[in-house]
There are 2 protein chains.
Amino acid sequence: MWQLYQFPLCPFSRKVRLVLGEKGIAHELWRENPWEGRAEFFALNPAGRTPVLHDPDKGLSLCDSRAICEYLEETSERAPLIMGTAAARAEIRRLVALFDENFFADVTGPLLHEKMKKRLVLRQAPDSRVLRETMRLAHEHLDYIDYLVDNRPWLGGATLSLADLAAAAHLSVADYLGGIDWNGHEQARAWYSVFKSRPSFRPLLAERMEVIQPPSHYSDVNA
Amino acid sequence: MWQLYQFPLCPFSRKVRLVLGEKGIAHELWRENPWEGRAEFFALNPAGRTPVLHDPDKGLSLCDSRAICEYLEETSERAPLIMGTAAARAEIRRLVALFDENFFADVTGPLLHEKMKKRLVLRQAPDSRVLRETMRLAHEHLDYIDYLVDNRPWLGGATLSLADLAAAAHLSVADYLGGIDWNGHEQARAWYSVFKSRPSFRPLLAERMEVIQPPSHYSDVNA
């Protein structure tokens with residue numbers, strides 16, 4: 001069976017978990033803290049990053065969350081997530097990159113550093129200036145999600161796609177860490193609220209990282 | 001005709017230019033300095049990054065270099081660059097991500113900041129401590145390229161693939177900025193030297209960024 005090396009607040013692992021869930025692909029979760037730099041993990045992935053999707057029977061290790069999602073899309077016929085014309089597929093992949101790169105650089109990455117790594121590893125207090133800037137940039141990204149939801153049924157187009165899963169993965173980590181203020185973003189909130197009820201998303205929302213607690217609205221599907 | 005918005009030292013634009021070159025796809029180069037934040041450019045790409053591949057006749061704008069490469073791969077039959085089994089394709093995509101994310105974060109990104117942006121935009125001197133760390137990390141990446149070339153004809157497997165193009169794109173920018181010491185990396189040097197002679201690569205190596213000059217070995221195919 002597939003083994004997914006991940007930790008609960010890794011947004012890239014969450015994206016892959018949502019894909020595995022939507023496609024109904026059996027897998028085990030293996031906990032990996034990439035910041036510990038375990039040699040056996042670097043042997044699986046020289047980049048030293050989660051997620052890694054590993055099949056010990058086949059001796060196959062898939063690394064990089066986008067490469068993993070493309071692999072799952074190519075090998076599973078169920079629940080297509082990168083579909084339509086080449087231009088439609090490019091639009092889905094553009095949005096995945098927007099969340100994995102820009103949203104991560106602006107919001108998820110700094111939040112993970114300030115609120116998870118400083119607490120669990122560095123034993124430092126978070127920098128309130130960085131947190132304020134992160135909140136400001138999160139509002140800009142939520143404005144863009146509002147705009148997309150105003151113009152399309154789902155973020156990437158007419159149907160649920162990898163773009164929605166990537167956005168939900170990052171938003172859920174940011175929301176867990178108290179970095180999302182949904183006020184004034186009714187369209188984004190409504191889209192995310194529908195998403196929170198999906199069977200692929202429920203196990204993620206029920207999970208807790210050690211020490212760090214999410215705000216009360218985090219896993220409430222009616223919030 | 002396609003218009004590629006790019007600047008000469010953008011490694012992601014170089015990767016797309018190499019793909020366009022290998023596949024023989026006609027295009028015009030449009031100069032864009034993303035750090036200027038031009039409103040018309042943000043209208044094409046809300047992420048504000050190069051490259052953007054734009055077709056004004058079709059009103060089509062493709063953003064994110066990996067999404068662009070996947071699009072070109074799906075729409076052009078010539079010179080396949082992401083090929084083989086699903087596992088082989090995942091390996092190619094893993095390496096593309098390794099260069100676009102890790103090599104960029106360790107080497108190309110800091111070099112562009114210290115040696116291009118500080119000179120052209122911020123009017124500051126480069127930080128020699130950062131440059132030394134960049135050189136140290138570049139050696140680690142070159143060690144990994146040596147290892148790949150020892151075990152495979154090309155970086156991604158038996159044939160030239162997008163992995164080689166991504167690696168060459170980043171290495172060429174780092175080399176232009178004086179950040180690569182090839183000594184002790186004979187395998188990587190030999191692979192890169194073959195690459196420098198390819199017709200898709202020659203126009204890139206002949207091009208110069210304003211103000212900043214590359215070292216003398218940069219475009220020498222025998223160096």
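Quick note on labels: first sequence line is chain A, next is B, and so on, each numbered from 1.
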Item to check | Best-contacting candidate, A:Glu74, A:Arg94, A:Glu91, against chain B by heavy atom pairs under 4.5 angstrom | outcome: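 Counting heavy-atom pairs under 4.5 Å, the top option is A:Glu74.
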Tell me if the [atom1] atom of [X] is crowded by more than 12 foreign heavy atoms within 6.0 Å.
X        : atom1 : answer
B:Glu77  : CD    : no
B:Arg31  : CZ    : yes
B:Trp154 : CH2   : yes
B:Tyr147 : OH    : no
A:Trp182 : CH2   : yes

Checklist entry - Which of the residues B:Ala97, B:Ala90, B:Ala47 is involved in the greatest number of heavy-atom pairs with chain A at under 4.5 angstrom? => result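 The option with the most such pairs is B:Ala47.
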Checklist entry - Checking heavy atoms, do the side chain of B:Arg89, its backbone, both or neither come under 4.5 Å from chain A? => result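 Contact with chain A involves the side chain of B:Arg89 alone.
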Next on the checklist: Can you tell me how far apart CG (B:Asp64) and CD (A:Glu101) are? Round to the nearest 0.5 Å.
Outcome noted: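 Rounded to the nearest 0.5 Å, the CG-CD separation comes out at 5.5 Å.
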Checklist entry - Mind checking whether B:Glu70 and A:Arg93 have side chains closer than 4.5 Å, heavy atoms only? => result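 B:Glu70 reaches A:Arg93 side chain to side chain.
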Checklist entry - Are the charged groups of A:Asp100 and B:Arg66 less than 4.0 angstrom apart, N to O? => result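 Between B:Arg66 and A:Asp100 there is no salt bridge, as every charged N stays at least 4.0 Å from the carboxylate O atoms.
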Checklist entry - Do you know which two heavy atoms are closest between B:Tyr144 and A:Pro46, and how far apart they sit? => result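 Scanning both residues, the minimum pair turns out to be OH-CG, 3.4 Å.
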